Amino acid sequence: MPWMEDRDPYKVWLAEVVLQQTRVEQGLPYFRKFVQKYPDVSHLAAVEESVFFKDWEGLGYYQRARNLLKAARCIVAQRGGEMPTSYEEWLRLPGVGPYTAAAIMVFAFERPYPVIDSNVARVLARLWNVAGDVSRAPQRQELHALYEKWRGRHSPSDFAQALLDFGAMQCVAMRPDCASCPLQRYCIAHAREVVDDVPPRRKTLKEQVYFHYLLIEDHRHRVLVTKRRNGTFWSGLYEFPVVESKEAFLDEKGLIAHLAAATTCRVMLHYTGLERHQVLSHRRVHARLYRFSVLEGVGEHDFIQQYKQGIWADAAQMKLLPMSRLMDFFRQWWLGQITQSS
DNA sequence: TACCCGTGGTT
DNA sequence: TAACCAAGGGT
């Protein structure tokens, strides 16, 4: 891994946060971009949040970006830019939990903390047939003890890297190739033929939500966008004004009725035919794009005040706003329309 | 503790 | 296809 070349705590921290719940292949391009653009913690602390949000666009779990900036500013403000050197100090920073703090102590400082992510937990749980949910406290404790005992006097970082790699490449979650596994003869889960059930599968519930995005343009090729509020998913990202429904897509009459409750403007809708869905960690979002216009004699600006606060963005501004992958699909389509018409 | 939070790959 | 999963953390 690139951050192991110099073991710079800043780079190790950055990499571990980027890689939280994220595959290495997916996160690595972002890590490289961040190191290039923000070579040390003072550069990171100085960047405006809206700019960094754009840098983070497409990586997901956007709260990580906020916490990373908060932590960087803590390190600069409270420590003069000196990176923490103890597990406890790292743990106090926002966005740094037990895994990340341990990984930093091990990879940057070669200190003996147990680096137990989902890969390592799976390897240990199978080898010793640890029953139950590995995210619960008793199991975590047992895995911790097994890890320490197995590591013995091995190098903390070599052992951690070995287990991470072994979990990612050999002892994989789905359909592991136990026949080729060098540890098969030691594996209790294999002996008891329960490898596929250890650790137990997660249960994920997906709620369906239906978004009706409203494309509202003025006469100068500007479009109305709003910022998603705190307490919602994708909070802080920008989108076209949206009407959300939990049951199903609304028909145009239903949409008009919904809008009539929020604005006194008389409005018109026209479905663009553009539909797209995206699966999130706990939701499935279905979206359709509607052209929206206000009837003659009533300005769109009145609509903004009456319906939602927003900003009018031209093509150049639109490209700078951080958006979800779903909204990015509609944005790209809109940019194409603008290019064609001008 | 249980639930929330993105996106992309695999089966 | 739909489910499952990934170098987890916050609340």
Side-chain angles (χ1 to χ4, degrees), chain A residues 1-4 11-31 53 56-68 70-71 90-108 113-123 132-140 157 159-169 171-177 196-197 199-209 228 230-237 239 276-285 322-329:
Chain A
M1 298 300 181
W3 54 91
M4 288 301 283
K11 290 183 196 165
V12 175
W13 167 51
L14 192 54
E16 292 301 341
V17 173
V18 165
L19 292 180
Q20 284 167 5
Q21 288 289 285
T22 305
R23 291 178 183 279
V24 173
E25 315 85 69
Q26 189 184 353
L28 216 46
Y30 286 85
F31 171 77
F53 238 55
W56 199 274
E57 183 180 80
L59 191 51
Y61 285 131
Y62 296 91
Q63 195 60 33
R64 288 184 294 172
R66 279 204 189 85
N67 285 334
L68 199 63
K70 270 190 209 164
W90 277 108
L91 204 52
R92 277 188 226 116
L93 292 171
V96 178
Y99 166 79
T100 302
I104 295 167
M105 293 311 293
V106 167
F107 292 125
Y113 286 87
V115 178
I116 305 177
D117 74 328
S118 60
N119 288 303
V120 176
R122 186 174 56 248
V123 172
D133 184 349
V134 292
S135 68
R136 289 180 58 249
Q139 281 80 1
R140 301 301 301 188
S157 66
F159 185 78
Q161 191 62 57
L163 250 59
L164 285 166
D165 290 344
F166 188 76
M169 300 166 71
C171 195
V172 294
M174 293 161 72
R175 295 176 46 138
D177 182 14
D196 288 335
D197 301 316
R201 307 196 177 290
R202 312 176 193 165
K203 37 188 170 188
T204 53
L205 211 75
K206 292 224 187 308
E207 182 192 5
Q208 315 264 337
V209 289
R228 284 188 69 82
N230 293 339
T232 69
F233 61 91
W234 285 334
S235 80
L237 300 185
E239 65 186 1
R276 181 96 169 171
H277 72 92
Q278 183 173 347
V279 181
L280 285 71
S281 54
H282 286 74
R283 271 180 250 274
R284 182 182 297 266
V285 184
M323 294 180 180
S324 67
R325 281 294 199 229
L326 178 67
M327 246 316 288
D328 185 53
F329 170 79

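On a predicted model such as this, the values are computed, not experimentally measured, just so you know. Each chain gets a letter, A, B and so on, in the order the sequences are listed, and its residues count up from 1.
- Across all strands, Glu207(A) comes closer than 4.0 Å to no nucleic acid atom at all (heavy-atom distances).
- Rounded to the nearest 0.5 angstrom, Phe233(A) CZ and Arg228(A) CZ are separated by 4.5 Å.
- Rounded to an integer number of Å, the gap from CZ of Arg140(A) to C1' of dT1(B) is 14 Å.
- Annotation: dG9(C) and dG8(B) have their P atoms spaced 22 Å apart (nearest Å).
- Inspection of the Thr100(A) and Gln20(A) side chains reveals an N or O donor paired with an N or O acceptor under 3.5 Å.
- In this structure, Leu91(A) and Met1(A) both approach DNA chain C, and ranking their closest nucleotides by distance from the 5' end singles out Met1(A).
- A distance of about 16 Å separates the P atoms of dC3(B) and dC4(C), rounded to the whole Å.
- Summarising the geometry, the separation between CZ on Arg66(A) and C1' on dG9(C) is reported as 14 Å, rounded to the nearest angstrom.
- In this structure, the CD1 atom of Ile116(A) is 15 Å from the P atom of dA6(C), given to the nearest Å.
- Note on Ala173(A): only backbone sugar-phosphate atoms sit closer than 4.0 angstrom, heavy atoms only; bases stay farther off.
- Protein atom OH of Tyr113(A) is 19 Å distant from nucleotide atom C1' of dG8(C), rounded to whole Å.
- Here dC5(C) presents its P atom at 14 Å from CG of Asp117(A), a figure rounded to the nearest Å.
- Within the structure, a side-chain polar atom (N or O) of Arg202(A) is placed less than 4.0 Å from OP1 or OP2 of dA6(C).
- Atom P of nucleotide dA2(C) and atom CZ of Arg201(A) are separated by 19 Å, given to the nearest angstrom.
- Computed from coordinates, the Leu93(A) CG to dG8(C) P distance equals 19 Å when rounded to whole Å.
- With rounding to the nearest 0.5 Å, the separation of CG in Asp328(A) from CE in Met323(A) is 8.0 Å.
- Although no hydrogens or angles enter the test, the distance criterion places no donor-acceptor pair under 3.5 Å between the side chain of Lys70(A) and the main chain of Ala65(A).
- The side chain of Arg122(A) places an N or O atom within less than 4.0 Å of a non-bridging phosphate oxygen (OP1 or OP2) of dA6(C).
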* Asked: How does protein contact run along nucleotides 3-11 of chain B, one letter per nucleotide 5' to 3', with B for base contact, S for sugar-phosphate only, - for none, heavy atoms under 4.0 Å?
  -> -BBBBB--S
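- To the nearest 0.5 Å, atoms CH2 (Trp56(A)) and CG (Leu68(A)) are separated by 5.5 Å.
- In summary, the side chains of Thr22(A) and Arg64(A) do present a donor paired with an acceptor at a separation below 3.5 Å, with no hydrogens or angles considered.
- Comparing the P positions of dC5(B) and dA7(C) gives a spacing of 22 Å, expressed to the nearest Å.
- One finds the CG atom of Leu164(A) at 10.0 Å from the CZ atom of Phe159(A) (value rounded to the nearest 0.5 Å).
- A straight line from NZ of Lys206(A) to P of dC5(C) spans 11 Å, rounded to a whole angstrom.
- Side chain of Arg136(A), nearest nucleotide from dA7(C), dA6(C), dT1(B): dT1(B).
- Contact annotation for Trp3(A): base contact, defined as any heavy-atom pair under 4.0 Å involving a base atom.
- Judged purely by atom type and a 3.5 angstrom limit, Arg122(A) uses its side chain to pair as donor or acceptor with the backbone of Gly167(A).
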